[in-house]
Amino acid sequence: YKILGGFKEVAEGVIYEDWGKGAFNYNLPSCYGLDFGFDDPDALVRVAVDQRQKIIYLKEELYKNGLGSDTLAEVLENICGNSGLIIADAAHKRLINDLYHKGLNIRRCKKGAGSVVRRIKTIQGYTIIVETGSKNIIKALSNYVWHDKRSGVPRHEWSHIPDAFGYAAMDLIEYS
């Protein structure tokens with residue numbers, strides 16, 4: 001790096017290599033993926049999937065930490081309305097239930113044994129197009145790497161956005 005005078009834009013060994021910037025395709029059915037945080041950011045990504053061309057479109061909607069449940073509910077309602085489908089991290093059943101009872105169209109993602117690796121392998125079969133203004137998605141895709149590739153364990157850093165869009169993408173790919 002000293003010889004080149006800078007740092008690489010993409011980390012070595014990134015999980016998702018086939019991606020680029022472009023316009024979000026609003027002509028396709030879409031939903032939102034949500035990974036909860038507090039100290040880590042809440043990450044909400046709008047996702048559309050073109051099954052025929054094997055393209056996943058991503059648009060960053062929220063990437064912020066420190067939001068309380070009521071504030072998060074208000075923010076989600078402003079972004080998604082009451083009818084936009086949100087596929088959320090299954091580990092937060094109580095919060096999902098609370099948000100549902102506040103009028104949001106939210107449900108848990110379907111998880112199973114090996115689901116992180118299965119989700120990653122499925123999404124790797126698609127080209128990802130990131131809406132140009134989605135700076136945190138671009139950062140995440142540039143830095144989301146394996147902790148241990150052989151065992152299929154990704155590093156936790158930069159995982160919030162890939163988890164969020166993974167929940168929605170898998171729902172659109174497998175259950176539509």
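Values below: every heavy atom of this structure, side chains too, minus hydrogens, waters and symmetry copies.
There is a path of hydrophobic side-chain contacts, each under 4.5 Å, that joins Ile96 to Leu62. When hydrophobic clusters are built by joining Ile, Leu, Val, Met, Phe, Trp and Tyr residues whose side-chain heavy atoms come closer than 4.5 Å, directly or via intermediates, Tyr63 is grouped together with Ile137. Grouping the Ile, Leu, Val, Met, Phe, Trp and Tyr side chains by contacts below 4.5 angstrom, directly or via other members, places Val130 with Phe165. Hydrophobic clustering of Ile, Leu, Val, Met, Phe, Trp and Tyr side chains at less than 4.5 Å, counting indirect connections, keeps Ile55 apart from Ile123. In this structure, Leu172 is not a member of the same hydrophobic cluster as Met170, with clusters built from ILVMFWY side-chain heavy atoms closer than 4.5 Å.
Note that CG of Asp50 and CD1 of Ile129 are 10.5 Å apart. Values are rounded to the nearest 0.5 Å. The OH atom of Tyr100 lies 8.0 Å from the CG atom of Asn105; values are rounded to the nearest 0.5 Å. Between the CH2 atom of Trp158 and the CD1 atom of Ile15 there is a distance of 13.5 Å, given to the nearest 0.5 Å. Taking NZ of Lys64 as the reference point, atom CG of Leu44 lies at 14.0 Å (rounded to 0.5 Å). For the atom pair CZ of Phe36 and CG of Leu99, the computed distance is 5.5 Å after rounding to the nearest 0.5 Å. If you take CG on Leu141 and CG on Asn136, they are separated by 11.0 Å, rounding to the nearest 0.5 Å.
For residues 15-33, no pair satisfies salt bridge (Lys or Arg N to Asp or Glu O under 4.0 Å), with sequence neighbours left out. The stretch residues 134-147 participates, sequence neighbours left out, in no salt bridge (Lys or Arg N to Asp or Glu O under 4.0 Å) pair at all. Here salt bridge (Lys or Arg N to Asp or Glu O under 4.0 Å) pairs that include residues 84-96, with residues two or more places apart or in two chains, are Asp89-Lys111.
Judged as a ring-ring contact (aromatic ring centres under 6.0 Å, His included), and not counting sequence neighbours, the contacts of Phe24 are Tyr26. Remark: Asp163 pairs with Asp35, Arg119, Tyr144, Ser159, Tyr167 by the side-chain contact (heavy atoms from CB on, under 4.5 Å) rule, at least two apart or across chains. Evaluation of the side chain to side chain donor-acceptor pair (under 3.5 Å) rule for Asn97 yields His101 as partners, not counting sequence neighbours. A search for side-chain contact (heavy atoms from CB on, under 4.5 Å) contacts involving Ala168 returns Cys31, Val47, not counting sequence neighbours. For Arg107, the side chain to side chain donor-acceptor pair (under 3.5 Å) partners two or more places apart in sequence, or in a different chain, are Asp171. Applying the side chain to side chain donor-acceptor pair (under 3.5 Å) rule to Tyr16 yields no partners; only residues at least two apart in sequence or on another chain are considered. Residues satisfying the salt bridge (charged side-chain N to carboxylate O under 4.0 Å, His left out) test with Glu61, not counting sequence neighbours, are Lys59. In this structure Lys54 satisfies the side-chain contact (heavy atoms from CB on, under 4.5 Å) test together with Tyr126, sequence neighbours excluded.
Scanning both residues, Ile106 and Ala88, for their nearest heavy atoms gives CD1-CB, 3.9 Å. Pairing each heavy atom of Ile173 with each of Thr122, the nearest pair is CD1-CG2, 4.1 Å. Here the closest non-hydrogen pair linking Ile56 and Ala169 is CD1-CB, 4.1 Å. Residues Ala43 and Ile161 come closest through the heavy atom pair CB-CG1, 4.0 Å. The two residues Ile138 and Thr132 come nearest to each other via the heavy atoms CD1-O, 3.8 Å. Taking each heavy atom of Ala48 and Ser30 in turn, the nearest pair found is CB-CB, 4.0 Å.
Considering only heavy atoms from C-beta on, Ile120 comes within 4.5 Å of Trp146 through its side chain. Within the 4.5 Å cutoff, side-chain heavy atoms of Lys121 are placed close to those of Gln124.
A side-chain donor-acceptor contact under 3.5 Å links Ser134 to the backbone of Glu60. Side-chain atoms of Asp42 come within 3.5 Å of backbone atoms of Gly37 as a donor-acceptor pair (strictly under, hydrogens ignored).
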For residues 66-82, dump all side-chain donor-acceptor pairs below 3.5 Å to protein atoms at least two apart in sequence or in another chain.
from, atom 1, to, atom 2, distance (Å)
Asp70, OD1, Lys102, NZ, 2.8
Asn78, ND2, Glu74, O, 3.3
Asn82, ND2, Gly103, O, 2.8

